[in-house]
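To start, the structure under review is shown below, and the notes come after it.
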Amino acid sequence: MANALVLEDLTKTYANGFVALKGISLEVKEGDFFALLGPNGAGKSTTLGIVSSLVNKTSGQVKIFGFDLETQTADAKKMLGVVPQEFNFNAFEKVIDIVVTQAGYYGIPKQKATERAEFYLRKLGLWEKKNQSARMLSGGMKRRLMIARALVHEPKLLILDEPTAGVDIELRRSMWEFLREINAQGTSIILTTHYLEEAESLCRNIAIIDKGKIIENTSMRSLLLKLNTETFILDLKDELPDLVAINGYGLRQIDARSIEIDVDKNTGLNRVFQQLADQGVQVMSMRNKSNRLEELFVSLVEKNLEMKELA
Amino acid sequence: MRGQLLFTAFWTIVTKEIRRFTRIWVQTLLPPAITMTLYFIIFGNLIGSRIGDMGGFAYMEYIAPGLIMMSVITNSYGNVVSSFFGTKFQRNIEELLVAPIPNWVILAGYVAGGAARGLAVGVIVTLLSLFFTSLSIHHFFITLSTVILTAIVFSLGGFINAVYANTFDDISIVPTFILTPLTYLGGVFYSISLLPGFWQTLSQFNPILYMVNSFRYGLLGVSDINIGFAFMMIIGFIIVLAAFAMHLLNTGKGIRS
Ligand SMILES: Nc1ncnc2c1ncn2[C@@H]1O[C@H](COP(=O)(O)OP(=O)(O)OP(=O)(O)O)[C@@H](O)[C@H]1O
Ligand SMILES: [Mg+2]
């Protein structure tokens with residue numbers, strides 16, 4: 001299947017010398033619902049900013065549905081709809097004008113633009129507000145206005161930078177519903193979010209970015225699979241001369257006196273202790289490692305921190 | 001096909017700009033109407049009647065073209081500098097950056113929007129001036145092309161100013177310290193033949209002198225300068241400023257980080 005987005009070794013150094021991206025490579029398949037996760041300041045908005053032509057890249061390549069953003073700019077841009085992290089409409093303009101004007105920028109004639117604007121404003125529950133100036137909308141309405149504006153030229157790839165930040169639970173769920181619907185109709189979607197629950201419920205594939213680097217890029221399913229195995233750390237009485245093996249469990253030695261063990265939630269721990277005892281290994285204590293997506297996320301990011309400090 | 005799309009995009013920017021300055025007409029269209037009416041009353045009627053002739057015309061008649069040009073210059077510049085700076089400030093410039101619009105269309109749209117306000121104010125001031133004097137048009141084509149080209153020059157200037165501006169103060173520095181003095185010294189109120197030799201020569205370095213005189217020539221048929229040269233200079237300015245504005249847009253100066 002075609003790729004909706006390909007990033008090749010994208011780097012960004014801001015004017016003040018700050019290196020925000022250190023070589024981002026990523027593929028998002030057509031039709032995908034993709035989450036880009038990462039802590040504050042990781043480089044999510046910078047990455048999406050480069051894709052949206054709002055930030056100049058330092059090096060690397062961006063392809064949107066096969067069109068090179070640098071050499072086939074207009075074709076690439078037509079494929080893309082953008083919902084940025086910060087509100088970025090003219091607060092003094094009327095809601096309807098903001099959407100119709102955006103359509104005009106894509107060359108859509110006035111009448112068609114007006115029809116489309118009505119369609120998306122209705123869909124996002126903003127039609128009654130069409131004649132109000134944008135500054136009079138609530139925060140959640142402003143976000144929905146930006147979504148309507150991003151869809152008015154019917155892009156094949158929609159990117160949303162924290163679309164549900166500051167949105168109440170009920171509205172968040174209705175936005176999820178809406179995004180699922182347009183994804184089902186064939187629009188590829190990339191979103192960033194700090195709500196892992198959101199990524200889990202919506203997205204099929206995921207990348208985690210930290211300090212300008214991708215530290216994990218996998219399917220949501222295999223990530224969640226990881227979560228079905230619980231990981232325990234066992235502290236041992238004596239140093240292990242060789243790594244022992246335990247049938248049916250993944251095992252890693254951390255240092256001379258501790259091992260890490262993956263335990264399928266359906267299997268339980270009894271056999272572990274039996275086998276360890278058979279081999280003469282005495283376990284002094286046991287700790288639970290992460291079992292929730294949140295903790296996995298934190299551990300990935302922390303691991304990245306350690307690597308950084310060693311380097 | 002592509003041309004059609006680009007024209008729609010261009011026209012969208014122009015109508016957005018016109019919508020902006022008509023929405024805030026109290027700040028954009030009304031002030032020049034009031035100021036210029038005061039100029040007409042004070043300089044034209046009250047003082048002008050004591051000054052007598054200038055360049056073979058009643059003083060009122062002589063300054064009317066200058067005052068019209070002055071409003072066109074101020075308003076073209078002011079429209080683009082405020083609007084484009086506001087667009088940067090509120091970040092809705094991003095609406096344009098994500099869209100498949102070439103930079104020259106963005107520039108053309110803003111410049112046409114600025115020229116539209118300049119010309120709208122020009123028409124208002126012209127109509128007002130008719131209450132005080134009669135205007136006849138000597139060379140229609142020269143009059144019209146001078147005023148349009150001048151509006152374009154200053155719209156481009158306002159655009160460049162907006163690109164560099166980081167604060168609201170930055171958008172009033174050039175109008176206050178450069179544009180206003182040059183306009184007042186640009187032969188709006190007097191013929192430079194009245195000036196001593198040195199000041200006459202110095203005045204010839206003021207581009208606004210050429211625009212005002214060219215416009216006055218179109219209306220009255222008198223000018224301090226050579227009209228052909230004036231046109232060449234105005235067009236030269238347009239080329240240089242447009243090239244510079246395009247350079248700024250292409251590098252993303254003040255727009256893309
Ligand atoms: N214009 C800029 N100039 C200099 N540094 C910048 C600029 N914009 C962003 N940065 C820096 O680049 C890094 C990445 O920022 P970015 O906005 O991409 O993070 P993010 O992952 O979107 O974070 P958040 O989750 O907080 O939105 C941050 O350290 C930020 O301070
Ligand atoms: Mg961000």
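In what follows, chains carry the letters A, B, and so on, assigned in the order in which the sequence lines appear, proteins first and then strands, with residues in each chain numbered from 1. Predicted, not measured: the structure shown is a model, and the values here were computed from it. Worth knowing before you read on, the calculation uses all heavy atoms, side chains too, and leaves out hydrogens, waters and symmetry mates.
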Heavy-atom side-chain contact between [X] and [Y] under 4.5 Å:
{"X": "Thr192(A)", "Y": "Thr47(A)", "value": "no"}
{"X": "Leu171(A)", "Y": "Arg143(A)", "value": "no"}
{"X": "Leu5(B)", "Y": "Thr8(B)", "value": "no"}
{"X": "Tyr110(B)", "Y": "Ser155(B)", "value": "no"}
{"X": "Phe154(B)", "Y": "Leu179(B)", "value": "yes"}
{"X": "Gln61(A)", "Y": "Asp9(A)", "value": "no"}

Among [range], which residues come closer than 4.5 Å to chain A, judged by heavy atom distances?
{"range": "residues 233-252 of chain B", "result": "Thr251(B)"}
{"range": "residues 82-94 of chain B", "result": "Gln90(B), Arg91(B), Asn92(B), Glu94(B)"}
{"range": "residues 98-106 of chain B", "result": "Val98(B), Ala99(B), Pro100(B), Ile101(B)"}

Structural part of [X] lying under 4.5 Å from a heavy atom of chain B:
{"X": "Val55(A)", "answer": "both"}
{"X": "Lys12(A)", "answer": "side chain"}
{"X": "Leu80(A)", "answer": "neither"}
{"X": "Phe87(A)", "answer": "backbone"}
{"X": "Ala15(A)", "answer": "neither"}

TODO: Would you indicate whether Lys129(A), at its atom NZ, is surrounded by more than 12 heavy atoms from other residues, nucleotides or ligands within a distance under 6.0 Å?
DONE: no
- [ ] Answer yes or no: are there more than 12 heavy-atom neighbours, outside Trp127(A) itself, under 6.0 Å from its atom CH2?
- [x] yes
In terms of heavy-atom pairs under 4.5 Å with chain B, which of [options] leads?
{"options": "Gly49(A), Pro109(A), Ser52(A)", "value": "Ser52(A)"}
{"options": "Tyr14(A), Tyr106(A), Phe89(A)", "value": "Tyr106(A)"}
{"options": "Val100(A), Val82(A), Thr101(A)", "value": "Thr101(A)"}

Measure the [atom1]-[atom2] distance between [X] and [Y] for me, rounded to the nearest 0.5 Å.
{"X": "Lys44(A)", "Y": "Ile24(A)", "atom1": "NZ", "atom2": "CD1", "result": "11.0 Å"}
{"X": "Lys94(A)", "Y": "Met136(A)", "atom1": "NZ", "atom2": "CE", "result": "11.0 Å"}
{"X": "Leu97(B)", "Y": "Tyr105(A)", "atom1": "CG", "atom2": "OH", "result": "10.5 Å"}
{"X": "Gln85(A)", "Y": "Glu162(A)", "atom1": "CD", "atom2": "CD", "result": "4.0 Å"}

- [ ] Run the salt-bridge test on Glu93(A) and Lys16(B) with the 4.0 Å N-O cut-off and return the result as yes or no.
- [x] no
Task: NZ/NE/NH1/NH2 to OD/OE distance under 4.0 Å, Glu17(B) and Arg117(B) - done: no
Open item on the list: Between Ser59(A) and Thr11(A), do the side chains contain a donor N or O and an acceptor N or O under 3.5 Å apart?
Closed with: yes
- [ ] Compute whether any side-chain donor of one residue and acceptor of the other, for Glu95(B) and Asn88(A), lie under 3.5 angstrom apart.
- [x] no
TODO: Give, as side chain, backbone, both or neither, the part of Arg20(B) having an atom under 4.5 angstrom from any heavy atom of chain A.
DONE: neither
Task: Under the side-chain hydrogen bond (donor to acceptor under 3.5 Å, both in side chains) test, residues paired with Ser145(B) that sit two or more places apart - done: none
